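Remember, it's a predicted structure, so these values are computed and weren't measured experimentally. Indexing begins at 1, ligand by ligand and atom by atom, following the structure's order.
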Amino acid sequence: MALLVQKFGGTSVGTVDKIEKIADKLFESQKAGNGVVAVVSAMSGETNRLIELARQISHEPNAREYDVLVSTGEQVTIALLSMALHARGVDARSYTGAQVKILTDDSHTKARIMEIDDTAMQSDLEHGRVIVVAGFQGVDKNGNITTLGRGGSDTTAVALAAALKADECQIFTDVDGVYTTDPRVEPNARRLDRITFEEMLEMASLGSKVLQIRAVEFAGKYNVPLRVLSSFEEGPGTLISYEQRTEGKIMEQPVISGIAFNRDEAKLTILGVPDTPGVAYQILGPISDANIEVDMIIQNVGADSTTDFTFTVHRNDYDKALKILQEIATAVNAREVVGDSAIVKVSIVGVGMRSHAGIASKMFKALSDEAINIRMISTSEIKISVVIDEKYLELGVRTLHTAFGLAETASD
Ligand code: ASP
Ligand code: MG
């Protein structure tokens, strides 16, 4: 018997009708001989509605009460789904996070899971019950309700799968898997049969919104095989797991698994900064003190005892960062500050990069063939990112998708 944790997001349980369909699915899953634990989100739009209610009363609601409020959305779904299962003759039992005892720290609105008590769930499974758990919530050691941050139900599902040593954690959503890139930008994008945790993490942090980053990290840490599938269509979805190093198969593995992109960046440059120790800190210290997150950082080779320094920030922070940088420029006697918020970051991701040379030059050639100018470059072991002008986003993504043969059917 396989033990499956099956998670359904807000759109998958958005109406009573859809909840009935999920109940059918869980029933089938159990009939097929599996142990079944369902994790559900609030019905779509519900969490936003609750947050809006709080905003109408206070701009800074008390964090404890905020969690009491926003955790209620999931409580509605677990009860309705359990009722729908009962109507199908399935013995099901719902649990809030506190009822399971998903113990978290006390950081309201962004709590971290510390421990899960699996006693009640194990006994339910032994009795052949389907367990329905509210995602996104837990309880701290003093009994206060906590929530895990937006999209946190993915993390609940992975954590339960780890605690129960489930065979697979399946995330059902409105897409049928992880794609080589966003099909809205490249219609030839292809669903991947599998991808590694590392690649998925890069894809998620580079802008792919299929899974919450924390959930992928968690799954990698506890080696929980994770599968993304469609709630509405049949299909194998995409399996996220560790690299398969079967002899002879490595050659067939694609070098690049996907193209990620991020439209939310802006870049800032400070020119003619005195090239002295401590200057990077003098520039980035005040930026980080202002709670602005910096992504790529480039410092040029110094010439004439000065240097240039470029970095990117989230586009929402651009104006604020520009103002701070102008103040810094005056303080350190720099020549000039320039910025550009009409840029995007495009990245190629693949563990195959480790064992293949020439990936970067292939990427740069493909972009140059389309006369796309590269403004910044950064690399890690399994990704290469470039900053290009916003107007070339679509062309850049499609060009790279073709150059690395991603549209072709994979051999696996
Ligand atoms: N309902 C929560 C949210 O909308 C948690 C989740 O959906 O994963 O963020
Ligand atoms: Mg969600």
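Set against the non-hydrogen atoms of S41, the atoms of ligand 1 under 4.0 Å away are 6 (C), 7 (O), 8 (O). Annotation for ligand 1: atoms under 4.0 Å from non-hydrogen atoms of R150 are 3 (C), 4 (O), 9 (O).
Salt bridge status for E370 with R398: absent, with no side-chain N to carboxylate O gap under 4.0 Å. Between K25 and E28 there is no salt bridge, since none of the side-chain N atoms of the basic residue sits less than 4.0 Å from a carboxylate O of the acidic one.
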Sequence neighbours left out, cut at 3.5 Å: what donor-acceptor pairs do the side chains of residues 126-136 make with other protein atoms?
| unit_1 | atom_1 | unit_2 | atom_2 | d |
| --- | --- | --- | --- | --- |
| H127 | ND1 | S123 | O | 2.7 |
| R129 | NE | D91 | OD2 | 3.1 |
| R129 | NH1 | D124 | OD1 | 2.7 |

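G152 counts as a contact of ligand 1, since one of its heavy atoms falls under 4.0 Å from the ligand. By the 4.0 Å heavy-atom criterion, E74 is counted among the residues contacting ligand 1.
Looking at ligand 1, you'll find an N or O of S153 within less than 3.5 Å of one of its N or O atoms. Checked against a 3.5 angstrom limit, the closest N/O atoms of D154 and ligand 1 fall outside it. Polar contact with ligand 1: present for G151 (N/O pair, distance under 3.5 Å).
Minimum interatomic distance between K362 and A403 (heavy atoms only, all atoms of both residues): CE-O, 3.2 Å.
Checking N262 against R315 by side-chain atom types alone, no donor-acceptor pair falls below 3.5 Å.
A search for ring-ring contact (aromatic ring centres under 6.0 Å, His included) contacts involving F404 returns nothing, not counting sequence neighbours.
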